[in-house]
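Residue numbering restarts at 1 for every chain, and letters A, B, ... go by the order of the sequence lines. Only this structure's heavy atoms are used, side chains among them; waters, hydrogens and symmetry mates stay out. The shown structure was predicted, so the numbers you read here are calculated from the model rather than taken from an experiment.
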Amino acid sequence: MLKIYNTLTRKTEEFQTLEPGVVKMYVCGVTVYNDAHVGHAMSAIVFDIIRRYLEYRGYSVKHVMNYTDVDDKIINRANQLGEDPLTLSQRYIEDYARDLASLNVLPATSTPQVSKTMPLIIEFVQGLIQKEAAYAAPNGDVYFSVTSDDDYGKLSGRKLDDMQAGARIEVGEQKEHPMDFALWKAAKPGEISWDSPWGKGRPGWHIECSAMNLAELGEQIDIHGGGNDLIFPHHENEIAQTECYTGKDFARYWVHNGMLQLGGEKMSKSIGNIISIKEFLSKRSSDVMRMLVLNGTYRAPLMFNDETLDAAERNVERLKSALKPASPSASGLPADILSALTAAIETAKTSFTEAMDNDFNTAGAVAALFEFSKSINTARDNGATAEQITPAQDAFRELAGVLGLTLEEKKGSSEDEARVNALIEERNRARKEKNWARSDEIRDQLKEMGVTLEDSKDGTTWKWS
RNA sequence: GGCGUCGUGGCCAAGUGGUAAGGCAAGGGUCUGCAAAACCCUCAUUCACGGGUUCAAAUCCCGUCGACGCCUCCA
């Protein structure tokens with residue numbers, strides 16, 4: 001039985017879908033105006049793993065990830081560049097999709113955009129006004145009235161009185177209550193805008209997700225996800241809007257990932273301690289990023305530094321070792337060791353599932369894979385044939401795939417590979433003549449080129465390191 | 001100030017009432033011409049600190065200290 005920690009109840013609960021066999025999952029995507037960073041990668045990877053695991057468990061997952069393509073920051077940046085805001089955001093949408101693909105994140109089944117949801121957003125706002133949960137201000141802004149919602153604050157555990165005490169809140173002139181938030185913003189001169197019953201304007205941040213949720217998944221969904229920095233105000237406001245509009249409970253499980261930590265602080269644009277996904281992938285593989293996430297707890301802060309990344313890289317190499325082929329000269333396993341390998345397959349699957357069922361305990365699932373790799377490597381060392389070892393490796397690959405690990409070796413250009421092979425041939429001749437000096441010289445040369453050699457009875461293998 | 005999450009070996013961490021998973025690093029060994037990889041062995045009587053509940057606590061309760069996140073845009 002799968003259990004999921006629910007931010008709304010602050011408890012780990014049994015997972016039950018609204019509709020049998022189907023999971024409706026909405027994950028807040030990004031505002032597209034700049035290169036995405038590894039913090040975004042963490043969030044995308046977390047929900048990719050959740051999605052993959054739910055599919056592994058037999059669910060059909062409707063995975064919606066939105067793009068915020070209408071926003072102050074986009075408008076500002078477009079002005080700086082002298083570019084149309086929607087052209088700019090479209091460019092970054094395509095860019096982000098490529099980043100996710102390079103991280104082996106499965107594309108969401110649907111990726112709605114604010115700019116393409118305008119009629120429904122306006123309808124949504126009108127509905128809230130009719131229900132007296134919102135009001136239009138004289139200047140053309142529309143605000144949600146937090147005092148109209150008895151439940152307001154239930155997700156983040158805040159009370160309106162406490163929040164008013166905060167010194168940072170400024171009372172907007174147009175607002176009836178300081179915590180009221182914008183559903184619709186009147187356009188400033190020259191700004192991109194859409195026609196509405198309240199004049200030209202554009203949506204506030206939170207309403208878009210409520211509207212796109214409704215459009216893509218309906219009034220009620222199973223999982224709503226995002227970074228834990230979105231709990232307040234974004235998700236709090238989404239719940240308020242949607243539940244006032246539909247009169248029904250919105251999302252069954254609220255799932256939030258922790259923040260990636262760089263130098264003891266959250267990685268974020270406002271702090272400026274950013275490493276872009278592209279920059280990361282120019283130095284490390286996507287598996288390393290994913291392993292970093294897998295080795296931690298998705299809800300907890302994730303330490304991102306050279307030490308944790310080096311460990312993640314070694315972890316990936318360790319898993320890859322399980323997939324090395326059997327020795328061509330293998331003589332076969334004795335019955336007892338073969339049955340141990342067969343048993344290890346079942347043990348691995350069981351441990352893996354038990355861990356993942358416990359609120360996606362990926363660290364435990366990876367531990368199961370480490371144990372499994374040990375069994376496979378032991379079998380190979382003991383002379384397992386390809387036929388004997390393949391079923392275990394297939395199972396291993398399947399489980400690693402559920403976590404989204406590719407376990408692919410790096411590739412170089414064919415010219416480089418030809419050079420490497422030529423050098424290895426020369427080295428093999430030297431080794432035959434026991435010319436160890438020349439042999440080691442070549443090995444050092446290859447190391448300079450980024451090639452690691454492994455000699456064995458069956459010959460020399462190599463890989464890019 | 002308010003709300004929330006959390007403090008487990010050198011590092012990353014699992015474990016939430018029954019006597020400390022896993023990985024990295026480190027040390028020793030097998031294998032190897034030497035390496036690399038793999039495999040074997042060693043590596044926390046102890047879970048921030050102080051009380052309490054219990055036959056039994058890292059796990060529950062209270063307090064203290066500390067870290068991080070949110071309260072403004074944020075994955």
Side-chain angles (χ1 to χ4, degrees), chain A residues 7 10 12 27-31 36-47 68 71-73 153 155-159 161-170 179 205 225-234 236 256-261 264-271 291-292 294-297 299-305 307-322 324 351 355 358 361-371 373-374 376-378 380-382 431 434-437 439-440 443-444 447 452-457 460-463 465:
Chain A
T7 306
R10 312 275 171 194
T12 303
V27 181
C28 285
V30 291
T31 302
H37 58 69
V38 287
H40 299 121
M42 176 197 178
S43 188
I45 288 170
V46 163
F47 288 99
T68 298
D71 164 271
D72 285 344
K73 293 186 291 296
L155 180 68
S156 57
R158 289 155 206 258
K159 295 182 182 72
D161 295 344
D162 294 340
M163 287 187 277
Q164 283 184 80
R168 284 157 146 179
I169 296 165
E170 284 174 34
M179 290 309 295
W205 176 32
N228 66 13
D229 53 351
L230 296 180
I231 294 172
F232 190 91
H234 186 54
E236 191 71 74
H256 293 99
N257 64 276
M259 294 293 103
L260 193 139
Q261 300 290 119
E265 272 182 315
K266 168 187 170 184
M267 178 178 293
S268 83
K269 287 169 187 164
S270 49
I271 298 173
M291 181 57 80
L292 189 75
L294 288 168
N295 186 48
T297 310
R299 291 195 280 127
L302 181 64
M303 301 302 157
F304 183 96
N305 56 52
E307 200 172 3
T308 58
L309 286 168
D310 285 345
E313 191 150 348
R314 292 283 302 122
N315 284 336
V316 171
E317 291 306 313
R318 186 159 185 78
L319 291 186
K320 281 183 194 170
S321 73
K324 287 179 186 164
S351 307
N358 181 19
N361 176 2
T362 53
V366 169
L369 286 183
F370 284 129
E371 310 254 333
S373 69
K374 197 169 282 186
I376 293 173
N377 288 332
T378 299
R380 189 194 302 99
D381 286 355
N382 280 292
R431 292 183 73 213
K434 297 198 192 305
N435 184 351
W436 308 129
S439 164
D440 291 350
R443 185 166 61 198
D444 289 344
K447 195 177 170 71
T452 305
L453 297 183
E454 292 178 17
D455 296 329
S456 78
K457 290 188 187 74
T460 301
T461 59
W462 65 276
K463 63 181 182 183
S465 54

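Atom-to-atom, CE of M303(A) to C1' of C68(B) comes out at 8 Å; the value is rounded to the nearest Å. One can place CG of D444(A) at 13 Å from P of A36(B), the figure rounded to the nearest angstrom. The distance from atom NZ of K374(A) to atom P of A21(B) is 13 Å, rounded to the nearest whole Å. Atom C1' of nucleotide A37(B) and atom CZ of R380(A) are separated by 10 Å, given to the nearest angstrom. The interatomic distance linking L319(A) (CG) with A38(B) (C1') rounds to 14 Å, in whole Å. One can place CE of M267(A) at 15 Å from C1' of C68(B), the figure rounded to the nearest angstrom. For the pair E313(A) CD and A37(B) P, the computed distance is 13 Å after rounding to whole Å. Taking atom CG of N257(A) as the reference point, atom C1' of G69(B) lies 12 Å away to the nearest angstrom.
When both distances must be under 3.5 Å, the Watson-Crick or G-U wobble mate of C70(B) is G2(B). The base-pairing partner of C39(B), taking Watson-Crick or G-U wobble contacts with both distances under 3.5 Å, is G29(B). Under the Watson-Crick and G-U wobble criteria, each requiring two contacts below 3.5 Å, nucleotide G7(B) is paired to C65(B). In a base pair of the Watson-Crick type (N1 to N3 plus N6-O4 or O6-N4) or a G-U wobble (N1-O2 and O6-N3), with each distance short of 3.5 Å, C60(B) is matched with G52(B).
Proximity note for A367(A) (side chain, C-beta onward) versus A21(B), C68(B), C39(B): the nearest is A21(B). Listed nucleotides C34(B), A75(B), C73(B) differ in distance to D440(A); the shortest reach to its side chain belongs to C34(B). Of the candidates C12(B), A75(B), C71(B), A75(B) carries the atom nearest the H37(A) side chain, counting heavy atoms from C-beta on.
Nucleic acid contact for H234(A): none, since no nucleic acid atom lies under 4.0 Å from a heavy atom of the residue. In this structure, E371(A) reaches the sugar-phosphate backbone alone: every heavy-atom distance under 4.0 Å involves primed, P, OP1 or OP2 atoms, never a base. Residue-level contact check: L230(A) touches the backbone only, with heavy atoms under 4.0 Å from sugar-phosphate atoms and none from bases. Looking at heavy-atom distances under 4.0 Å, L369(A) makes no contact with the nucleic acid at all. Counting any heavy atom pair closer than 4.0 Å across all strands shown, N358(A) reaches sugar-phosphate atoms only and no base atom. Looking at heavy-atom distances under 4.0 Å, S439(A) makes contact with a base. Base engagement by K266(A) is indicated by at least one non-hydrogen atom pair under 4.0 Å involving a base atom. Heavy atoms of E317(A) sit nowhere under 4.0 angstrom from any nucleic acid atom. Within the 4.0 angstrom heavy-atom criterion, no nucleotide atom of any strand lies near G225(A).
Distance check, rounded to the nearest 0.5 Å: CG of L260(A) to OG of S268(A) gives 11.0 Å. For the atom pair N228(A) CG and M259(A) CE, the distance stands at 4.5 Å (nearest 0.5 Å). The OG atom of S373(A) sits 9.5 Å away from the CZ atom of R380(A) when rounded to the nearest 0.5 Å. With values rounded to the nearest 0.5 angstrom, M42(A) atom CE is found 11.0 Å from M267(A) atom CE.
A residue-by-residue look at V30(A) and E454(A) shows that E454(A) has its nearest nucleotide of RNA chain B further toward the 5' end.
Dashed line: the shortest gap from a side-chain N or O of R318(A) to OP1 or OP2 of A38(B) is under 4.0 Å. Within the 4.0 Å cut-off from OP1 or OP2 of G15(B), at least one side-chain nitrogen or oxygen of N361(A) is found.
Put simply, the side chain of Q261(A) never gets that close to the backbone of P301(A): no donor and acceptor are under 3.5 Å apart. Checked by atom type and distance alone, the side chain of T68(A) never pairs as donor or acceptor with a backbone atom of T31(A) at under 3.5 Å.
Atom C1' of U64(B) sits at a distance of 33 Å from the matching atom of G22(B), rounded to the whole Å. Nucleotides A21(B) and A44(B) have their P atoms positioned 11 Å apart, rounded to a whole Å. Rounded to whole Å, the P atom of G4(B) lies 27 Å from the corresponding atom of C12(B). Nucleotides A25(B) and G9(B) have their C1' atoms positioned 12 Å apart, rounded to a whole Å. Between C71(B) and U53(B), the distance separating the two C1' atoms is 36 Å to the nearest Å. Taking atom C1' in both A48(B) and C68(B), the straight-line distance is 15 Å, to the nearest Å. Nucleotides G7(B) and U59(B) place their P atoms 11 Å apart, quoted to the nearest Å. To the nearest whole angstrom, the two C1' atoms, one in G63(B) and one in C70(B), are 25 Å apart.
Salt bridge K320(A)/E317(A): present, at least one basic N to carboxylate O contact under 4.0 Å. A salt bridge between K447(A) and D444(A) is absent, with no side-chain N of the basic residue lying under 4.0 Å from a carboxylate O of the acidic one.
A heavy-atom distance below 4.5 Å is found between the side chains of L319(A) and M291(A).
There is a side-chain donor-acceptor pair under 3.5 Å between N305(A) and T308(A).
For D310(A), the side-chain hydrogen bond (donor to acceptor under 3.5 Å, both in side chains) partners at least two apart in sequence or on another chain are R284(A).
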Close N or O pairs between protein and nucleotides 4-11 of chain B (under 3.5 Å):
{"unit_1": "G4(B)", "atom_1": "O2'", "unit_2": "R10(A)", "atom_2": "NH1", "d": "3.3"}

Got a list of protein N/O to nucleotides 25-32 of chain B N/O distances below 3.5 Å?
{"unit_1": "A25(B)", "atom_1": "OP1", "unit_2": "R314(A)", "atom_2": "NE", "d": "3.2"}

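Stacking here means ring centres nearer than 5.5 Å and ring planes tilted less than 30 degrees, and by that measure F370(A) does not stack onto G22(B).
You won't find any donor-acceptor pair under 3.5 Å spanning the side chain of D229(A) and the base of C70(B), going by distance alone.
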